[in-house]
Amino acid sequence: MINLAEAVKLKSILAKKVQELISELHRSAFVTVEKGQTPKTSNRPMTVVEGELAQVRLDIRTLDRLVYEANINNTVDFKGEKLALVEAIELASQLRAEAELCKHFGTHEKESVRMGYGEGTMLYDIAMYEPDVYRERSLQLEKEAHKLSNLINAKNYSVEIQFDDSRYF
């Protein structure tokens with residue numbers, strides 16, 4: 001049994017392990033020898049590496065399924081609403097994106113002189129919104145995103161999934 005947070009970390013470890021095993025396969029695939037000489041190598045046989053690679057890939061698929069199930073079947077309470085973890089994760093991403101957009105609009109001035117002139121006339125850029133309102137909104141959205149992320153993280157440490165990680169730890 002591992003908790004969901006450990007499962008997420010393990011997924012990245014296993015992805016790296018796949019790349020390492022593929023590299024090992026490439027190294028084991030060929031050896032250079034003089035004509036008529038018997039190839040000698042300190043590398044593991046390809047069949048052994050392929051077997052290990054198949055096991056890691058199976059474990060990745062199993063872990064993915066278990067993580068997806070946990071993310072669907074477990075919820076967090078946010079702003080009076082129960083959200084499945086998968087929805088909460090997406091909402092946190094959306095809140096951060098919206099906060100960045102509001103932050104961008106909040107950095108502009110209400111009115112500014114436009115660089116360059118139009119036929120002897122000064123041009124102005126006028127914001128069709130209140131920059132301070134957007135700046136404040138960005139701060140509020142960032143707070144909400146942080147709060148939701150903290151709820152998700154806490155849940156990730158409390159939810160356990162049935163996976164044997166003894167091959168890797």
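The analysis underlying the following values was restricted to heavy atoms, covering all of them including side chains, and did not include hydrogens, waters or symmetry mates.
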Visitor: Taking 4.0 angstrom as the limit, do E100 and K103 come out as a salt bridge?
Guide: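 Result for this pair is yes, salt bridge flagged.
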Visitor: Look only at the side chain of S158 and the backbone of K155, and say whether a donor-acceptor pair between them is shorter than 3.5 Å.
Guide: yes
Visitor: Look at atom NZ of K143 and say whether more than 12 heavy atoms of other residues, nucleotides or ligands are closer to it than 6.0 Å.
Guide: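 Atom NZ in K143 is not packed in, count stays at 12 or less.
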Visitor: As an exercise, state the distance from CD of E24 to CD of E50, rounded to the nearest 0.5 Å.
Guide: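 Nearest 0.5 Å value for the CD-CD distance: 11.0 Å.
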Visitor: Kindly indicate whether the side chain of K110, heavy atoms from C-beta on, has any atom under 4.5 Å from the side chain of Y129.
Guide: no
Visitor: With rounding to the nearest 0.5 angstrom, report the OG1 to CD distance, T75 to E81.
Guide: 11.0 Å
Visitor: Atom CG in L4, atom CG in L85: separation rounded to 0.5 Å?
Guide: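 One gets 6.5 Å once the value is rounded to the nearest 0.5 Å.
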Visitor: Is I89 reachable from L95 through a run of hydrophobic residues whose side-chain heavy atoms are each under 4.5 Å from the next?
Guide: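 They do share one cluster, since a chain of ILVMFWY contacts under 4.5 Å joins L95 to I89.
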Visitor: Rounded to the nearest 0.5 Å, how far apart are CG of L58 and CG of L53?
Guide: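 The CG atom of L58 sits 11.5 Å away from the CG atom of L53.
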Visitor: Which side-chain N or O atoms in residues 12-20 pair as donor and acceptor under 3.5 Å with protein atoms at least two apart or in another chain?
Guide:
unit_1, atom_1, unit_2, atom_2, d
S12, OG, K9, O, 2.8
K17, NZ, E52, OE2, 3.3

Visitor: Counting only N and O atoms by type, is there a donor-acceptor contact under 3.5 Å from the side chain of N3 to the main-chain atoms of E6?
Guide: yes
Visitor: Given side chains that start at C-beta, do those of I2 and F169 come closer than 4.5 Å, heavy atoms only?
Guide: no
Visitor: Side chains of F105 and V133, heavy atoms from C-beta outward: is any pair under 4.5 Å?
Guide: no
Visitor: For the residue pair A88 and V76, what are the closest heavy atoms and their distance?
Guide: CB-CG2, 3.7 Å
Visitor: Heavy atoms, side chains only, cut-off 4.5 Å: are C102 and L141 in contact?
Guide: yes
Visitor: Decide yes or no for K11 and V67: does some side-chain heavy atom of the first lie under 4.5 Å from some side-chain heavy atom of the second?
Guide: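 Side chain of K11 against side chain of V67, heavy atoms only: contact under 4.5 Å found.
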Visitor: What's the separation between atom CG in L83 and atom CZ in F78, rounded to the nearest 0.5 Å?
Guide: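 Rounded to the nearest 0.5 Å, the CG-CZ separation comes to 8.0 Å.
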Visitor: Around atom CZ of F30, are there more than 12 heavy atoms of other residues, nucleotides or ligands at under 6.0 Å?
Guide: no
Visitor: Would you say Q94 and E90 are linked by a side-chain donor-acceptor pair, where the criterion is simply a distance under 3.5 Å?
Guide: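 Looking only at side-chain atoms, Q94 and E90 do form a donor-acceptor pair, the distance falling under 3.5 Å.
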Visitor: Does this structure show an ion pair linking R96 with E142, if we count only N-O contacts that are shorter than 4.0 Å?
Guide: no
Visitor: Which value, rounded to the nearest 0.5 Å, describes the distance between D64 atom CG and N71 atom CG?
Guide: 10.5 Å
